[in-house]
Asker: 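First the structure, then my questions, so here it is.
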Amino acid sequence: MKTGICSATSATRTYDSENRVVCKEAAKWDSVKACWTPYFKLDVSYHSDAVEMNYALWNTKSNSFDKNMEKSTYDLNNDGMVRLLASAK
């Protein structure tokens, strides 16, 4: 695991063949249980004209990343640079 900004969080990243982040899962330290607990997950998918990001928090009731889910789509220009945020929820 790669350590995050502070020692109370850690993150694992997955990369595609072009060395772009396609998934980031973060965990936070639970000092009561003395273990890492899931915190959030960010999935990124790359398309020729857009980048899509899906974010969700860990839900302890369902034991999955399905709490406060949000999706953002960023349109890209012809040079592959972000030109605008197309949608978010």
Side-chain angles (χ1 to χ4, degrees):
M1 271 188 183
K2 234 179 182 179
T3 303
I5 294 172
C6 69
S7 61
T9 63
S10 68
T12 302
R13 295 166 188 85
T14 305
Y15 299 87
D16 66 7
S17 61
E18 296 181 42
N19 204 32
R20 301 176 296 189
V21 173
V22 292
C23 181
K24 177 180 178 180
E25 285 190 34
K28 58 185 175 180
W29 183 252
D30 184 331
S31 59
V32 174
K33 296 178 182 176
C35 65
W36 292 103
T37 59
Y39 182 38
F40 73 83
K41 182 177 182 180
L42 177 68
D43 289 312
V44 184
S45 56
Y46 301 89
H47 309 280
S48 61
D49 61 347
V51 176
E52 184 178 287
M53 302 176 82
N54 292 290
Y55 172 86
L57 292 173
W58 181 255
N59 185 335
T60 55
K61 293 178 183 174
S62 66
N63 285 326
S64 64
F65 291 101
D66 64 3
K67 183 177 176 185
N68 295 351
M69 294 171 35
E70 295 181 23
K71 177 181 176 179
S72 299
T73 303
Y74 296 87
D75 283 346
L76 303 175
N77 65 17
N78 292 338
D79 297 321
M81 302 298 291
V82 174
R83 70 178 167 161
L84 63 96
L85 172 61
S87 62
K89 175 156 187 332

Asker: Atom CH2 in Trp36, atom OG1 in Thr9: separation rounded to 0.5 Å?
Answerer: 6.5 Å
Asker: Would you give the length of the straight line joining atom CG of Asp66 to atom NZ of Lys61, rounded to the nearest 0.5 angstrom?
Answerer: 11.0 Å
Asker: Are Phe65 and Met53 joined in one hydrophobic group, where the rule is that I, L, V, M, F, W and Y side chains link up if heavy atoms are under 4.5 Å apart?
Answerer: no
Asker: Quick check for you: to the nearest 0.5 Å, what is the distance between Lys24 atom NZ and Thr14 atom OG1?
Answerer: 12.0 Å
Asker: Fit a plane to each ring of Phe40 and Tyr55, take the angle between them on a 0 to 90° scale, and name the class: parallel (under 30°), tilted (30 to 60°) or perpendicular (over 60°).
Answerer: tilted
Asker: Hey, does the side chain of Thr37 reach the backbone of Lys28 with a donor-acceptor pair shorter than 3.5 angstrom?
Answerer: yes
Asker: Between Asn54 and Lys71, what is the shortest heavy-atom contact and its length?
Answerer: OD1-CG, 3.3 Å
Asker: If you look at every heavy atom in Val21 and Val44, which pair is closest and at what distance?
Answerer: O-CB, 3.5 Å
Asker: Check this for me: Asn78, atom CG, are more than 12 non-hydrogen atoms of other residues, nucleotides or ligands nearer than 6.0 Å?
Answerer: no
Asker: Is the shortest side-chain heavy-atom distance between Val82 and Leu76 below 4.5 Å?
Answerer: yes
Asker: Under a 4.5 Å cut-off applied to non-hydrogen side-chain atoms, are Cys23 and Lys41 in contact?
Answerer: yes
Asker: Calculate, to the nearest 0.5 Å, the distance between atoms CG and CD belonging to Leu42 and Glu25 respectively.
Answerer: 10.5 Å
Asker: Find the distance between CG (Asn63) and CH2 (Trp58) and round it off to the nearest 0.5 Å.
Answerer: 5.0 Å
Asker: So does Met81 get a backbone contact from the side chain of Asp79, meaning a donor-acceptor N/O pair under 3.5 Å?
Answerer: no
